[in-house]
Structure formats: structure tokens, C-alpha cells
Chemist: 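Here's a structure for you.
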Amino acid sequence: MEYISWLWDHVLPPLIGFSILVFIHELGHYLAARWAGVRVEIFSIGFGRELFGWTDKAGTRWRFSLIPLGGYVSMFGEVQGGDSDDSPSSSGLSDAEKAVSFRHQSVGWRSLILAAGPAANFLFAIVVLAVTYSLVGKPVTAPVVSGLVAGGAAEQAGLEVGDRIVSINGRAIETFSDIRFLITHRAGDDLKFIVRRDDQEIPFTLIPELRETTDVTGQKVRQGLIGITGRDHEIVIYGPLAAFWAACAETWRISAMTLEAVGQMFIGERGTEDLGGPIRIVELLDDFWQSGFLSAVAFLAFLSINLGLINLFPIPILDGGHLLFCAIEALRGRPLGERAQEISFRFGVAVIAFLFLFASYNDLARLADRWGVLG
């Protein structure tokens, strides 16, 4: 009974949350496909064997599958290879079947269907954030120094309590979290700070120190610190229109920071230990769920933004890869050949498989360290 209770409290809520994000993503593809007149054959939450489902009047099979770590929409005529009417994959289709076939739609319609999934994730995040900002408010920690660590980089550089950090290396600072993001992986680097003090803007140069700390999940992490604390918390409640624009701005900010973090990993400025897989996602969802409903909802919005963003990466088998093929087809006037697409998709599968295994390895290593398995 204790095991069942643990699953109910710590595993089921995160899986439901993740399934909601997958449903939103695939619903975007589904609605765009139906709008384009494409026949949708399967709408699946999860992979593998079907657990239960039903077929609607339009002929779509709605199913819940065994492995709840993703999902997909299967459209009629959604195959790899050329899209021309005289290709082998087009033989035997009637005009009526071509009218509802995905690969016989125009490049514009196919691009719209492909982009609708990520767009749905961004829209979901904006709606969730906007509703939260207008009903509960947005918690904000101003980038104001409320405390200094003795001997820290900030104290040595001459910062004082009450200073407001305006920018770091030319990057505007709006919240205390922006400071943390910009210095975490820049230990040992000279960073140019602009600080506002008594209506004057003063330049400082700080070098973050590498320290080991404990994050919100209880795991030890190494990060750059400058020795300041911020406690200037406030809750800002927005009107409906202002909440919408604030949600759009936050979605843009999170997207930009995510892309910057990926770029830092790619060029070696940030360690790949931050890369997490499904285990890490479920773990974080559980941590935020245990922190309260609002924390879990806010993290769902964050995950939704990242899910939409990742799917736009130009990797074959992801939406971004398909969109890249559509762009190439629009420029060439015809699609890539079947052989070229087949090789590209195999490469994409290999990349995704490698990233999944690497992220899962990070997850398991993190759990082993957290539970003391590695001593």
C-alpha cells in the first residue's frame, strides 16, 4: 500500500502533467490538419501498445498507449519520400484520397500543420502565465543587492547593499534570476556590470567564483557566484491585457535563455551535465508539485515553452526538421529525393537516440549521486 501511495503522490501527477503538454502539442497538429482537410488516422498519448481508446465520427482513433513518455498524430499519407504525383508512393491513390493526404497538400499547408504543434505549446504557456499573472500575480525579485557575502567577488569589487544591477556584459537585467543565469557558468570570467546607485550608473568588473551549492532538489551543483543575495520580493498583479503582454515577454525571455544555454553547451562554455531526460523532467515536476499547485503550473508553462522550442530544432524527425525540408522544397520547386530524405531521417533518429541515452545517463548518474549510490 505504501508503494501504491508513493506512486499516486510522486509519479502519477508528473506523468499527468507531462501528458497534458504532449496532448497540447499534438492537438495543435491535429487541429491544423483538420483545418487543411487532412484525414487524421491516429491521435495517441504515449507510445507502444494501445491500452484503451475510441474512434470518432471522422475516423480518428484516439488512444492511450502503454509508454506515457510522448505521443503522436498519424495523418493519412504522412510518409517519408517525394511528394510528386508520379512518385511510387503516390501510385494507387484516387483524387479523393489525395485531397485528404498530408503529403499531397501544398508546402504552405504542410508547414502550417508542422508548426502548429510547437505554436500550441507556446500559446498554452502564454495562456497559463497570463491567467496566473492576472489572478494570482507574478512573483518578482528585483535585481537589488540586499546582502553581501564577506570576501565575495561583489564585496571586493565595491558593490553595496541597495545597488541595483542594470546590465551584465551589455545584457539588460530585469530580475534577480537574470543575474544567476548569466553568472552561473561564467566562473573565472571578467564580467562587466553596470550598477545604479543614487541615480548614478557605475561600472564594475566582477569575476564569479566557482562554488559548490545545493539546488532546490537537494542535489549538489557547481556554479559561479559573486556573493550577493536578493530579498526584494514583490507580487505584481496585472490587468488582462497587461498580463497577456507580460506572459508573451516571459515566454520570449525563457526561449532566449534556453537557446543561449544550448549555444553555451555547443561551444563548451556550459557543461552537458545540465542536460536532462524524461527521468529528470518527471523528478522536477514532482518537486514543483510538492511545492504547491501554482509552482507546478508555472513549471508546466516553462516545460511547454521548452517542448515547443526543442521541436523547432532543425533535426530530421522533429517538426523543425520537417519544416526545413519544406523550406528546401519551396526553394527548389520540388522535394528532396526519397534517398536523401531517408538518409536524413536515419541521421535524425541517431541524433535523437544519442541525446536520449546521454540525457538518461545524466539522469541516472544524478540520481545515484543524490541517493549516495556512488559513495
Chemist: Would you check if the side chain of Thr60 reaches a backbone N or O of Asp56 as a donor-acceptor pair within less than 3.5 Å?
Modeler: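 No, the answer is negative, given that no donor and acceptor are paired below the 3.5 Å cut-off.
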Chemist: Please report the interatomic distance CG(Leu307) to CG(Asn311), rounded to the nearest 0.5 Å.
Modeler: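 Rounded to the nearest 0.5 Å, the CG-CG separation comes out at 5.0 Å.
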Chemist: Please say yes or no: joined through hydrophobic side-chain contacts below 4.5 Å, possibly via intermediate residues, are Val22 and Leu31 part of one cluster?
Modeler: yes
Chemist: May I ask you to check whether over 12 heavy atoms, not counting those of Asp95, lie within 6.0 Å of atom CG?
Modeler: no
Chemist: Partners of Glu50 by salt bridge (Lys or Arg N to Asp or Glu O under 4.0 Å), sequence neighbours excluded?
Modeler: Arg61, Arg63
Chemist: So, taking the atom named CG in Leu112 and the one named CG in Leu323, what distance separates them when rounded to the nearest 0.5 Å?
Modeler: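 CG of Leu323 is found 10.0 Å from CG of Leu112.
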Chemist: Testing Phe64, Trp54, Phe23 for ring pair (Phe, Tyr, Trp, His ring centres under 6.0 Å) with Phe43, which one passes?
Modeler: Phe23
Chemist: Applying a strict under-4.5 Å side-chain criterion to I, L, V, M, F, W and Y, I'd like to know whether Ile343 and Val349 cluster together.
Modeler: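 Per the 4.5 Å side-chain linkage, Ile343 and Val349 are not co-clustered.
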Chemist: According to a 4.5 Å side-chain heavy-atom criterion applied to Ile, Leu, Val, Met, Phe, Trp and Tyr, with indirect links allowed, do Phe313 and Phe302 form part of one hydrophobic cluster?
Modeler: yes
Chemist: Same hydrophobic cluster for Ile352 and Leu21, using side-chain heavy-atom links shorter than 4.5 Å among ILVMFWY?
Modeler: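 Yes; tracing contacts between hydrophobic side chains, which count when under 4.5 Å, links both residues.
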Chemist: Consider only side-chain heavy atoms of I, L, V, M, F, W and Y, link residues closer than 4.5 Å, and tell whether Phe181 and Ile226 are in one cluster.
Modeler: yes
Chemist: Would you be so kind as to tabulate the donor-acceptor pairs closer than 3.5 Å made by side chains of residues 168-176, with sequence neighbours excluded?
Modeler:
| unit_1 | atom_1 | unit_2 | atom_2 | d |
| --- | --- | --- | --- | --- |
| Asn169 | OD1 | Lys192 | N | 2.7 |
| Arg171 | NH1 | Glu260 | OE1 | 2.6 |
| Thr175 | OG1 | Ser177 | N | 3.4 |
| Thr175 | OG1 | Asp178 | N | 3.4 |

Chemist: Classify the ring geometry of Phe325 against His322: parallel below 30°, tilted from 30° to 60°, perpendicular beyond 60°.
Modeler: perpendicular
Chemist: Around Phe347, counting heavy atoms of other residues, nucleotides and ligands shown, do more than 12 lie under 6.0 Å from its CZ?
Modeler: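 No, CZ of Phe347 has 12 or fewer neighbouring heavy atoms, counting only those of other groups under 6.0 Å.
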Chemist: Drop me the distance from Phe193's CZ to Ile202's CD1, to the nearest 0.5 angstrom.
Modeler: 14.0 Å
Chemist: Just checking, any donor-acceptor pair under 3.5 angstrom between side chains of Thr258 and Asn306?
Modeler: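 Side chains of Thr258 and Asn306: pair found under 3.5 Å.
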